[in-house]
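For reference, the structure is listed below as structure tokens.
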Amino acid sequence: MKTLVVGTGAREHAIVRGLAADPQVEAVLAAPGNPGIAQIADCRPVDANDGDAVAALAQEVGADLVVIGPEAPLVAGVADAVRAAGIDTFGPSAEAARLEGSKSFAKDVMNAANVPTAGAHTCTDLDAVAAALDAFGAPHVVKDDGLAAGKGVVVTDERDEALAHAKACLDAGSTVVIEEYLDGPEVSLFCITDGTSVVPLQPAQDFKRVGDDDAGPNTGGMGAYSPLEWAPHDLVDEIVRSVAQPTIDEMAQRGTPFAGVLYVGLALTSKGPKVVEFNARFGDPETQVVLARLVTPLGQLLRAAARGELADFPALEWRDESAVTVVVASDGYPAQPKTGDPISGLEDVDGDGSRAGGGAYVLHAGTKAGDDGTLVSSGGRVLSVVALGADLGEAREVAYAGVEKIDLPGSHHRSDIALKALRGEITV
Ligand code: AMP
Ligand code: GLY
């Protein structure tokens, strides 16, 4: 099959790598892609949020399967447009992508399906916000109702800061969701679904805050690892049973089936797993570590989901090795990422990534070719350095050795990705 991946990030780079390794995939194209993706796939320019343009490109290149990476095109209906052109498409419809596009819609679905999640109030004015903050008490959780690229959420003990964020969202025309604070380690579980059947991947843990020890503001994600050796052995089954399957069933019953990947973000609280968020696409950077461990051919899995054939799909196969990814972010990220800085040293981080001992490899996110052809930064999260190891300790060492070889002026990264797990400091 010929595949076309839509998007520009390290998540898409990981998906392109996975597809390229599938023996049934004879060609991988990406649109728009990035300089790293261009080393292994044919990249074509496109406005990723323009459904007609993506559908036309998919027809022009003869794609048999289109995989849509980011949320913005999904919410904009790009999957609908490509499907309408008669091409197998991995990614939910605009209607179904509201599970990510509107936090209040997601809460409504969860309530209807009896899915455990944080209590929440949707507010349209500051008085209602103040009342909800006081009803739940600190720590306060304030969320922009709409898409905000991982930066619409503020969790704080300070009532003034909570009110200020709510006011900024309201002033920008958004409604605001005030939530009960969920305590406990966070888990990301990607559930592949064709709208009926659910096939969970292995869980990963993301690091959302910008600084070590979870200091500073939320980001799109600064690193991830998998597997989660500290997690209860029945965690995945429990999440499919109590969260993913009821949500998929509820969406089908509403006449808006969700097909693609349901990203279930959870907190493992003392009262059991509760949903922190749903996303309608693979997580970034978790995808980089989950796909690093997936042995099952990715193209065949995503095509089965796109075609409604997951019920007959063979059980997934996984590597026993651990995977770690560390995100290299630009100066000023997340508040004001500086771009246009030269990136060097990447040629020294060229592991093959197919096995432990194979060395670290680099997935590109915010990079572009500068005027003289050299590589420069073009976004907040610039690179995702990935490594497999026989265990978490080895994967961490190899990933960080890779990070050390890269030079990007003013860049920063977290130094504690997977560290607590390695030290056995995570308890449920
Ligand atoms: P979201 O965009 O909804 O995933 O939120 C981003 C991050 O904010 C999450 O990964 C959590 O770390 C934190 N967060 C969101 N909602 C809650 C909550 N109800 N309780 C505690 N932390 C939360
Ligand atoms: N890593 C968090 C996300 O993809 O939303």
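Numbering of ligands and ligand atoms starts at 1, following listing order. As a basis for the values below, the full set of heavy atoms in this structure was taken, side chains included, without hydrogen atoms, waters or symmetry mates.
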### Query
side chain to side chain contact (heavy atoms under 4.5 Å, CB included) between Val66 and Val6: does it pass, once the steps are laid out?
CA-CA 7 Å; Val66 174; Val6 176; 4.1 Å; yes

### Query
Are the side chains of Ile406 and Leu346 in touch, meaning some heavy atoms are under 4.5 Å apart?
yes

### Query
Does any non-hydrogen side-chain atom of Val28 lie less than 4.5 Å from one of Arg17?
no

### Query
Would you find a donor on one side and an acceptor on the other, under 3.5 Å apart, between the side chain of Arg381 and the backbone of Tyr333?
no

### Message
Test your reading of the model: is there a side-chain donor-acceptor pair from Arg319 to the backbone of Ala292, 3.5 Å cut-off?
### Response
yes

### Task
Pick whichever of Val155, Ile178, Asn218 has a heavy atom sitting closest to atom 22 (N) of ligand 1.
Val155

### Summary
atom 2 (O) of ligand 1: of Thr117, Val177, Val153, Asp206, the nearest heavy atom sits on Val153

### Task
Please determine if Tyr181 has a nitrogen or oxygen closer than 3.5 Å to a nitrogen or oxygen of ligand 1.
no

### Any N/O pair Leu182/ligand 1 closer than 3.5 Å
yes

### Query
Should we count CD of Gln336 as having more than 12 external heavy atoms under 6.0 Å?
no

Looking at ligand 2, is there an atom of it that comes within less than 4.0 Å of some heavy atom belonging to [X]?
X	result
Gly283	yes
Arg11	no
Gly220	yes
Tyr263	yes

### Task
Check whether any N or O atom of Glu286, backbone or side chain, sits under 3.5 Å from an N or O atom of ligand 2, and answer yes or no.
yes

### Query
Considering distance alone, does some N or O of Lys208 sit under 3.5 Å from an N or O of ligand 2?
no

So, are [X] and [Y] salt-bridged, with charged N and O less than 4.0 Å apart?
X	Y	answer
Glu321	Arg355	no
Lys208	Glu277	yes
Lys167	Asp160	no

### Task
Determine the minimum heavy-atom distance between Pro116 and Val243, stating which atoms define it.
CD-CG2, 4.3 Å

### Query
Side chain, backbone, both or neither: which part of Glu71 comes within less than 4.0 Å of ligand 2 when only heavy atoms are counted?
neither

### Under-4.0 Å heavy-atom contact with ligand 1, by part of Lys103 that carries it
side chain

### Task
Using a 4.0 Å heavy-atom threshold (strictly under), name the region of Asp183 that reaches ligand 1: side chain, backbone, both or neither.
neither

Could you list the atoms of ligand 1 found under 4.0 angstrom from a heavy atom of [X]?
X	answer
Lys143	3 (O), 15 (C), 16 (N)
Val276	3 (O), 9 (C), 14 (N), 15 (C), 16 (N), 17 (C)
Val141	16 (N), 17 (C), 18 (C), 19 (N), 20 (N)
Glu186	9 (C), 10 (O), 11 (C), 12 (O)

### Summary
So side-chain hydrogen bond (donor to acceptor under 3.5 Å, both in side chains) across residues 262-271, not counting sequence neighbours, yields Ser188-Tyr263, Tyr263-Glu286

### Task
Using the salt bridge (Lys or Arg N to Asp or Glu O under 4.0 Å) rule, collect all pairs that involve residues 211-231, keeping only residues at least two apart or in two chains.
Asp214-Arg414

For [X], the ligand 2 atoms whose distance to one of its heavy atoms is below 4.0 Å:
X	result
Arg281	3 (C), 4 (O), 5 (O)
Asn279	5 (O)
Asp206	1 (N), 2 (C)

